[in-house]
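Model, not experiment: these values are computed from the prediction.
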Amino acid sequence: MKAYQQGWTLRRRVVALLGVVVVLLLGLAAAEAAVAAKNRQNIDAVLLKTGPLRVQAQELMSVLLDQETSVRGYAVNGDRSDLEPYREGVQREQSLVTSIRNLSADYPDVGRSLELVEQETAQWRAQVAEPVITTVERAGPAAGQALITDATRQQFDGIRTSVNTLQEEILTVRQETAERVNSTSNTLVVLLIIAALVVTTAGVVMLVSLDRILIRPLADLVGQVREVADGDYRHRIEGSGPPEFRRLADDIDQMRMKIARELDEVREARERIEWVNGQLQKQAEELTRSNRDLEQFAYVASHDLQEPLRKVASFCQLLQRRYAGQLDERADQYIAFAVDGAQRMQRLINDLLAFSRIGRLTTGFTEVDLNKVMGDVAGQTEAALQYADADLTWGEMPTIRGEEPLLTNLLVNLVSNSVKFRRPDVPPKVHVSARLVDGEWEISCRDNGIGIEPEFADKIFVIFQRLHSKDAYPGTGIGLAIVKKIVEYHGGRVWVDTDADEGTTIRFTLPALEADIEAAKAAEAAADEDTTDAAEPAAEGADGDPADGGRQPDGEAREEPPAEADRHGTNGGMKETVA
């Protein structure tokens with residue numbers, strides 16, 4: 001409570017509690033490590049010292065018995081082969097004594113018992129075994145048996161007693177070591193229990209502290225926030241608990257006030273939007289009425305207005321034919337002006353009607369083969385091409401989604417313009433090509449005509465914009481406006497390529513089919529993989545071998561100038577030449 005009054009933060013409280021727990025656990029861990037090391041040392045002593053000592057002591061007793069039996073057998077039989085166990089026993093005894101001495105370095109009682117066994121064994125060997133062996137070799141078995149008496153047997157029994165004493169000392173040491181192992185193991189278990197109690201106590205204290213300083217203030221804050229979320233934006237949020245929660249409550253309250261202000265603004269904006277929507281609805285209704293009036297006007301223009309124009313044109317032409325030469329020259333000129341004006345008015349009305357119908361009277365998008373469209377364009381412009389002695393060629397054209405009549409009208413307008421704006425005494429050449437650029441088909445119509453100045457490149461697509469007088473180049477000035485509207489209706493864009501070296505190049509884009517885009521990506525990936533293989537044909541082409549003039553390495557159509565198109569023809573043999 002004192003810490004709370006002093007304003008301890010939640011982090012400070014948690015860190016303090018965790019610090020105490022960590023210090024206690026580290027102390028317990030250090031104690032457990034020391035006890036575990038001692039326990040391991042005692043276990044090693046049991047397994048690696050006292051156990052082998054006990055086994056080797058028993059083996060030492062067996063070796064000594066073998067020596068005594070071997071000496072007595074030699075004294076009876078006089079056969080030197082009976083001495084082999086004795087010789088081997090002596091060597092094995094020395095090895096066992098050395099091993100026992102090394103293992104009992106930390107046990108002085110065992111060392112002293114081992115020294116006593118060594119002394120008694122050496123005395124028995126010097127006083128009994130060696131004399132018996134020597135006597136049998138010199139005087140025979142009977143003399144050797146005479147040396148083996150009850151005294152010699154008692155002397156060997158003393159050795160056996162000393163070995164038993166050694167084994168008892170080893171067993172005592174082993175029991176003491178085992179007791180130390182039990183003691184350290186119990187101590188280790190106690191330390192583990194204490195550590196578990198410390199962890200459990202710390203967990204309980206942590207849960208109680210978190211409930212008091214975290215869960216309750218947080219639950220209260222959540223309740224207040226939910227009241228605000230339910231729509232009571234005027235409810236003031238007050239925090240409790242650690243300083244972080246109080247600061248969080250203040251921040252949330254500031255956010256609440258900001259949201260309340262913004263909601264007021266949103267309500268005002270909604271009212272304004274509803275008013276604007278009402279105005280837009282009225283404008284939409286007015287626009288609908290206007291569209292109906294426009295459709296009615298288009299109907300009138302296409303039917304009612306053209307009827308008197310046809311009469312005016314017909315009677316003016318009748319006057320021109322009947323009274324030509326009967327009136328003066330000026331009267332003939334006036335009649336010609338009237339006929340020309342009526343005919344131009346008819347063409348203008350028809351073009352305006354066609355312009356207004358683009359995108360309004362639709363047949364729906366389908367897949368359109370532009371190769372077929374170009375064939376239709378060649379047929380529709382055949383008369384103009386023959387009159388101008390013009391050549392129309394085109395490359396391999398794609399298939400796109402669109403309206404075939406509109407696309408045909410688009411290309412007819414472009415080809416007609418290219419033929420119309422030709423240079424004097426130069427046969428027109430028009431070439432249409434396509435290439436895939438960034439998921440769109442870029443289609444180009446290039447000619448060798450008079451060209452367009454860069455400053456007029458944007459004006460030619462504006463309706464009724466003309467760069468030349470009607471006497472020099474006839475027309476209504478609406479053809480390229482129709483082109484632009486058709487292109488934009490299909491989701492593309494159109495522009496004039498001002499970098500063309502000769503004539504005029506008009507480019508426009510149309511969305512490509514997904515299959516064409518995927519095929520182009522696959523071709524690019526294949527080209528990247530075969531870069532090394534493609535370098536060799538390129539080198540051969542540099543030496544003089546002809547390259548494919550109609551295709552690029554990535555499979556896209558290559559754009560050609562009209563002169564080259566005339567020389568190479570078109571892809572697939574498609575060429576329209578009218579002369």
Side-chain angles (χ1 to χ4, degrees), residues 37-76 80-138 144-184:
K38 187 65 176 178
N39 187 54
R40 179 64 180 272
Q41 183 179 359
N42 292 331
I43 292 174
D44 290 342
V46 172
L47 297 178
L48 303 178
K49 291 184 178 180
T50 58
L53 280 174
R54 187 176 181 186
V55 173
Q56 292 177 5
Q58 293 176 354
E59 187 176 357
L60 179 61
M61 184 63 189
S62 176
V63 167
L64 292 175
L65 289 175
D66 290 343
Q67 293 181 28
E68 196 269 341
T69 303
S70 176
V71 170
R72 284 192 290 106
Y74 181 67
V76 173
R80 296 192 62 85
S81 60
D82 293 336
L83 288 178
E84 289 300 325
Y86 173 77
R87 305 297 182 188
E88 293 176 357
V90 172
Q91 295 178 358
R92 180 58 182 162
E93 176 190 349
Q94 294 175 356
S95 175
L96 290 172
V97 168
T98 302
S99 177
I100 293 172
R101 184 179 294 109
N102 294 332
L103 292 174
S104 62
D106 296 331
Y107 310 112
D109 294 339
V110 174
R112 286 191 291 270
S113 297
L114 180 62
E115 290 178 358
L116 179 59
V117 171
E118 286 182 308
Q119 293 175 2
E120 292 180 352
T121 302
Q123 291 178 0
W124 174 80
R125 191 177 293 112
Q127 297 175 2
V128 178
E130 292 298 332
V132 169
I133 294 171
T134 303
T135 302
V136 171
E137 289 177 351
R138 293 178 180 178
Q145 290 179 2
L147 296 177
I148 299 174
T149 61
D150 292 337
T152 59
R153 292 189 183 91
Q154 292 177 0
Q155 186 177 2
F156 190 81
D157 290 340
I159 296 175
R160 183 178 300 175
T161 302
S162 299
V163 173
N164 291 333
T165 302
L166 175 63
Q167 291 179 346
E168 291 176 357
E169 291 292 341
I170 293 174
L171 182 60
T172 301
V173 170
R174 187 175 185 278
Q175 291 176 349
E176 291 176 354
T177 306
E179 290 176 357
R180 287 197 297 270
V181 169
N182 291 331
S183 176
T184 53

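Among all heavy-atom pairs drawn from Ala57 and Ile170, the shortest one is CB-CD1, 3.7 Å. Nearest heavy-atom pair, Val132 versus Ala75, reported as atom, atom and distance to 0.1 Å: CG1-CB, 3.8 Å.
Annotation: the span from Ile100 atom CD1 to Leu114 atom CG amounts to 5.5 Å, rounded to 0.5 Å. Interatomic distance, Leu166 CG to Gln58 CD, rounded to the nearest 0.5 Å: 10.5 Å. Taking CG of Leu96 as the reference point, atom CD of Gln91 lies at 12.0 Å (rounded to 0.5 Å). Taking CG of Leu64 as the reference point, atom CD of Glu59 lies at 11.0 Å (rounded to 0.5 Å).
Asn182 is linked by a side chain to side chain donor-acceptor pair (under 3.5 Å) to nothing, counting only residues two or more places apart in sequence or in another chain. In this structure, the salt bridge (Lys or Arg N to Asp or Glu O under 4.0 Å) partners of Arg125, at least two apart in sequence or on a different chain, are Glu93. Residues satisfying the side-chain contact (heavy atoms from CB on, under 4.5 Å) criterion with Arg40, sequence neighbours excluded, are Asp44. Here Ser81 pairs with Asp79 under the side chain to side chain donor-acceptor pair (under 3.5 Å) rule; sequence neighbours left out. For Arg72, the side-chain contact (heavy atoms from CB on, under 4.5 Å) partners two or more places apart in sequence, or in a different chain, are Glu68, Thr69, Ile148. Applying the salt bridge (Lys or Arg N to Asp or Glu O under 4.0 Å) test to Glu88 and every residue at least two apart in sequence or in another chain returns nothing. Thr121 pairs by the side chain to side chain donor-acceptor pair (under 3.5 Å) definition with nothing, not counting sequence neighbours. For Arg54, there are no salt bridge (Lys or Arg N to Asp or Glu O under 4.0 Å) partners, not counting sequence neighbours. In this structure, the side-chain contact (heavy atoms from CB on, under 4.5 Å) partners of Thr134, at least two apart in sequence or on a different chain, are Arg138.
A salt bridge is defined here as a Lys NZ or Arg NE, NH1 or NH2 lying under 4.0 Å from an Asp or Glu carboxylate O, and Arg80 with Glu137 meets this definition.
Checked by atom type and distance alone, the side chain of Ser113 pairs as donor or acceptor with a backbone atom of Asp109 at under 3.5 Å.
Within the structure, side-chain hydrogen bond (donor to acceptor under 3.5 Å, both in side chains) pairs that include any residue of residues 167-176 do not occur (at least two apart or interchain). Contacts classified as ring pair (Phe, Tyr, Trp, His ring centres under 6.0 Å) and involving residues 93-124 (residues at least two apart or in different chains) are given here: Trp124-Phe156. Applying the side-chain hydrogen bond (donor to acceptor under 3.5 Å, both in side chains) test to every pair with at least one member in residues 151-164, sequence neighbours left out, gives these pairs: Glu120-Ser162, Gln127-Gln155, Asp150-Arg153.
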(request) Go through Leu60 and Val117 one step at a time and tell me if the side-chain contact (heavy atoms from CB on, under 4.5 Å) criterion holds. (result) CA-CA 10 Å; Leu60 179 61; Val117 171; 4.2 Å; yes

(request) Dump the intermediate steps for side-chain hydrogen bond (donor to acceptor under 3.5 Å, both in side chains) on Arg180 and Ser183, then the final yes or no. (result) CA-CA 5 Å; Arg180 287 197 297 270; Ser183 176; over 6 Å; no

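Side-chain contact check for Leu103 versus Gln56: some heavy-atom pair is nearer than 4.5 Å. Counting only heavy atoms from C-beta outward, the side chains of Tyr74 and Ile133 approach each other to under 4.5 Å.
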